[in-house]
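Some notes on the structure that comes next.
Count residues from 1 along the sequence.
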Amino acid sequence: MSKKYAIRAKNPSKTIKRLFAEVFSEHKAKLALVFVCIVLSAYGTSYAASFMQTLIDDCISPMIGVANPSLEPLIRALAEFGILIVLTLVIPTFIVQRVMIKIAQGAIFSIRCKMFKKMESLPISYFDTHTHGETMSRFSNDTDTLNQMVGQALTQVATATLTLIFLFVSMIMNSWILTVLVVLFSIITVKTMAHIASRSGRYFGQQQADLGVVNGFIEEMMNGQRVIKVFTHEEESKKDFDRINEKLFSSMSKANGYSNSIGPVGMNLGNIQYVLLVLAGSILIILMPGYTVGALAAFLLLSRNMSNNVNQISQQANSVLLALAGAERIFELLDEEAEKDEGYVTLVNAKVNEDGSISESAERTGFWAWKHIHQDKSPTTYVPLKGDIVMKDVDFGYVPEKTVLHDISLYAKPGQKIAFVGATGAGKTTITNLLNRFYDIQDGKIRFDGININKIKKDDLRHSLGMILQDTNLFTGSIKDNIRFGRLDASDDDVIRAAKLANAHDFIMHLPDGYDTMITNNGEGLSQGQRQLLSIARAAVADPPVMVMDEATSSIDTHTEALVQAGMDRIMQNRTVFVIAHRLSTVRNSDAIMVLDHGRIIERGTHEQLLEQKGVYYQLYTGAFELS
């Protein structure tokens with residue numbers, strides 16, 4: 001685990017400032033109302049304690065020993081006190097709770113939207129290096145702690161802090177001698193609480209990180225249940241889970257152990273302070289004739305309220321520390337560098353003019369062109385989208401110190417089918433990642449219709465490419481919606497036409513609701529082959545000039561493969577196609593076959609040419625050795 005998660009927020013003050021800017025910048029008027037209510041509440045709390053002196057000295061003491069005492073002063077005082085409490089405590093507290101809940105929910109809604117927007121802008125490399133569970137933990141656990149802090153902890157801390165100020169002023173006005181005693185004892189209490197809170201905050205940060213690891217592990221195990229059961233790996237999985245769960249248990253136990261000790265420690269320190277104040281106050285009554293029993297009773301209530309508020313601040317400090325650790329993790333996601341795109345060549349609808357020139361069209365024409373706005377201010381040019389791809393002397397590594405592709409050179413003319421074969425890890429999929437610019441090359445050139453792909457905007461580049469992957473991802477929604485994922489403006493007829501092209505129409509029509517059949521859990525209830533057919537139909541409806549098939553038929557049985565291959569042959573017509581396949585039978589009709597080994601092209605040619613060479617491809621095809 002990264003050490004940066006093993007402690008609490010590295011820079012709490014910076015995190016707090018940013019948190020306030022993110023959460024409260026759009027709620028200034030509501031915050032002003034909340035502040036007024038908090039001031040009223042703080043005043044009401046201090047007044048309620050000070051009222052005890054008036055009640056005892058002015059209303060109760062004068063009636064002691066009187067034969068027929070008048071209760072009118074006492075009743076009037078109690079009525080005035082009740083009205084004031086309602087106005088300064090009951091109503092303001094209700095308003096604060098309602099307003100802060102709305103602010104908190106609005107803030108969490110906004111932050112989650114920003115997080116999701118950021119997630120959609122991140123490069124593929126981020127998801128290759130971060131587990132899904134860890135990222136999900138930021139969306140759920142960390143935002144929950146933030147919600148708890150904004151909705152409750154902050155207002156309670158603010159109310160307690162302002163109340164302490166009012167109480168302190170009232171205590172000084174009551175007795176500066178006893179106030180000095182309270183201040184000295186409060187310093188001891190605060191230092192004790194701060195020590196416990198610092199330990200608690202450290203482990204709360206560790207807890208959030210460990211929780212993300214546990215979530216990631218559980219998600220991984222859920223996705224891999226079939227593999228786990230096939231290889232009877234249940235016991236090992238349990239041991240692995242026990243190990244990381246034990247780590248979470250340890251951090252949670254330490255964090256909550258320190259956190260839960262704050263209340264009892266603060267309460268007992270408050271009790272000790274109360275006893276000392278009773279003793280000191282009694283001495284003052286005896287030695288200072290002007291100091292009354294009512295004044296002492298009021299001071300004791302003030303000190304008790306002060307201890308309660310100090311304890312409340314200390315207890316809520318843990319929620320704040322936990323939320324700050326979560327907020328820092330959220331901000332780390334928001335601060336991740338979005339996928340860079342310095343491209344300026346765009347894909348536009350085009351038309352051919354009478355003079356043969358090409359210009360941009362405001363309507364969908366079915367004819368596409370690259371709109372190239374030249375940096376040297378020369379006239380904008382339009383290059384027809386054909387699917388002519390050239391790779392020249394390409395070197396690439398996922399990390400700078402380890403090159404995985406060496407001096408890759410190839411070309412694919414429109415309508416050609418280029419196949420890549422080779423052992424796992426040879427670099428086949430890496431080449432297709434570079435065509436999509438999921439990663440950028442370190443050296444060499446890749447040109448699309450004569451244009452360096454670094455100049456093409458990534459969205460436009462990817463619109464011109466269709467991907468059919470080995471791992472099929474289907475989304476919650478109807479069959480129709482999943483096919484239309486390839487082109488959102490596709491009509492129902494376009495969807496059906498694409499399904500027929502991929503030979504998926506027949507099995508779809510046998511589903512309970514046909515194209516309106518709902519899919520959940522990545523196509524649960526459909527076979528792997530059926531899911532792959534939908535993936536192929538999704539690519540077909542996009543109608544791109546370039547298709548990339550990465551092990552597209554590896555999970556399909558031989559009969560289904562024949563159906564798919566027939567459909568794919570129709571889809572491939574007049575398109576540039578890149579095929580990655582372990583089954584050499586699927587690449588026999590390719591215009592060129594590239595044999596890769598450790599990131600280098602070691603053989604190239606047609607099926608017949610490679611067989612004549614009797615090299616690696618010949619050995620693979622004849623079964624002398626197998627792909628691994």
Side-chain angles (χ1 to χ4, degrees), residues 112-124 126-128 130-140 215-216 218-226 339 432-433 436 438 458-459 462-463 465-505 507-544 547-556 560 564 567 571:
R112 279 202 176 108
C113 288
K114 291 178 181 178
M115 291 172 67
F116 190 84
K117 184 178 180 180
K118 168 60 73 171
M119 184 183 72
E120 291 297 289
S121 72
L122 293 175
I124 291 294
Y126 176 86
F127 301 99
D128 288 343
H130 293 76
T131 67
H132 296 172
E134 180 187 345
T135 304
M136 282 301 302
S137 184
R138 300 179 194 233
F139 275 90
S140 55
N215 287 341
I218 292 173
E219 182 196 36
E220 189 177 64
M221 293 302 103
M222 289 174 64
N223 291 336
Q225 274 302 301
R226 286 182 175 83
E339 186 174 25
T432 62
N433 284 337
N436 279 279
F438 292 148
K458 291 183 178 180
D459 282 351
R462 292 164 187 168
H463 273 306
L465 297 167
M467 291 287 290
I468 304 174
L469 305 176
Q470 178 180 6
D471 297 324
T472 303
N473 286 106
L474 299 178
F475 302 92
T476 299
S478 66
I479 294 281
K480 187 186 304 179
D481 292 336
N482 271 272
I483 296 176
R484 191 176 279 126
F485 203 86
R487 179 162 62 89
L488 296 180
D489 63 350
S491 66
D492 289 352
D493 289 339
D494 292 333
V495 169
I496 295 173
R497 192 178 302 113
K500 288 181 177 179
L501 199 61
N503 283 320
H505 178 74
F507 95 80
I508 293 174
M509 295 307 296
H510 283 88
L511 294 175
D513 297 312
Y515 283 86
D516 293 319
T517 300
M518 295 299 295
I519 293 177
T520 57
N521 295 330
N522 197 24
E524 184 179 42
L526 298 178
S527 70
Q528 181 64 32
Q530 289 172 332
R531 294 203 297 268
Q532 192 62 276
L533 290 173
L534 292 180
S535 176
I536 295 169
R538 178 193 296 164
V541 80
D543 195 26
M547 295 281 283
V548 178
M549 299 174 58
D550 190 349
E551 304 286 357
T553 59
S554 63
S555 300
I556 300 176
T560 306
V564 172
I571 294 173

Output all residues satisfying side chain to side chain contact (heavy atoms under 4.5 Å, CB included) with [X], sequence neighbours left out; order by chain, then residue number.
| X | result |
| --- | --- |
| Ser527 | Gln530 |
| Phe139 | Met115, Phe116, Met119, Thr135, Leu333 |
| Asn436 | Phe438, Arg462, Leu465, Met467 |
| Lys117 | none |

About how many Å separate [atom2] of [Y] and [atom1] of [X], when rounded to the nearest 0.5 Å?
| X | Y | atom1 | atom2 | value |
| --- | --- | --- | --- | --- |
| Lys480 | Met518 | NZ | CE | 11.5 Å |
| Ile483 | Leu533 | CD1 | CG | 10.0 Å |
| Ser535 | Leu474 | OG | CG | 7.5 Å |
| Asn482 | Thr476 | CG | OG1 | 8.5 Å |
| Lys500 | Ile508 | NZ | CD1 | 11.0 Å |

Residues in salt bridge (Lys or Arg N to Asp or Glu O under 4.0 Å) with [X], at least two apart?
| X | result |
| --- | --- |
| Lys458 | Glu339 |
| Asp493 | none |
| Asp489 | Arg364, Arg487 |
| Arg484 | Asp481, Asp492 |

At their closest point, which heavy atom of [X] faces which heavy atom of [Y], and how far apart are they?
| X | Y | result |
| --- | --- | --- |
| Ala537 | Ala502 | N-CB, 3.7 Å |
| Ala490 | Val495 | CB-CG2, 4.5 Å |
| Ala542 | Gly486 | CB-O, 3.4 Å |

Stepwise side chain to side chain contact (heavy atoms under 4.5 Å, CB included) test for Leu534 and Arg531: CA-CA 5 Å; Leu534 292 180; Arg531 294 203 297 268; 5.7 Å; no

Option among Asp516, Leu526, Ile519 that satisfies the side-chain contact (heavy atoms from CB on, under 4.5 Å) test with Leu511: Leu526

Partners passing ring-ring contact (aromatic ring centres under 6.0 Å, His included) against Phe507 (at least two apart in sequence or in another chain): none

Side chain proximity check, Ile536 to Met549, heavy atoms < 4.5 angstrom: no

Set of side chain to side chain donor-acceptor pair (under 3.5 Å) partners for Asp459, sequence neighbours left out: none

Sequence-distant partners of Ser140, side chain to side chain donor-acceptor pair (under 3.5 Å), two or more places apart: none

N/O donor-acceptor pair under 3.5 Å between Asn503 side chain and Ala499 backbone: no

Residue pairs involving residues 479-505 (criterion ring-ring contact (aromatic ring centres under 6.0 Å, His included); sequence neighbours excluded): Phe475-Phe485, His505-Tyr515

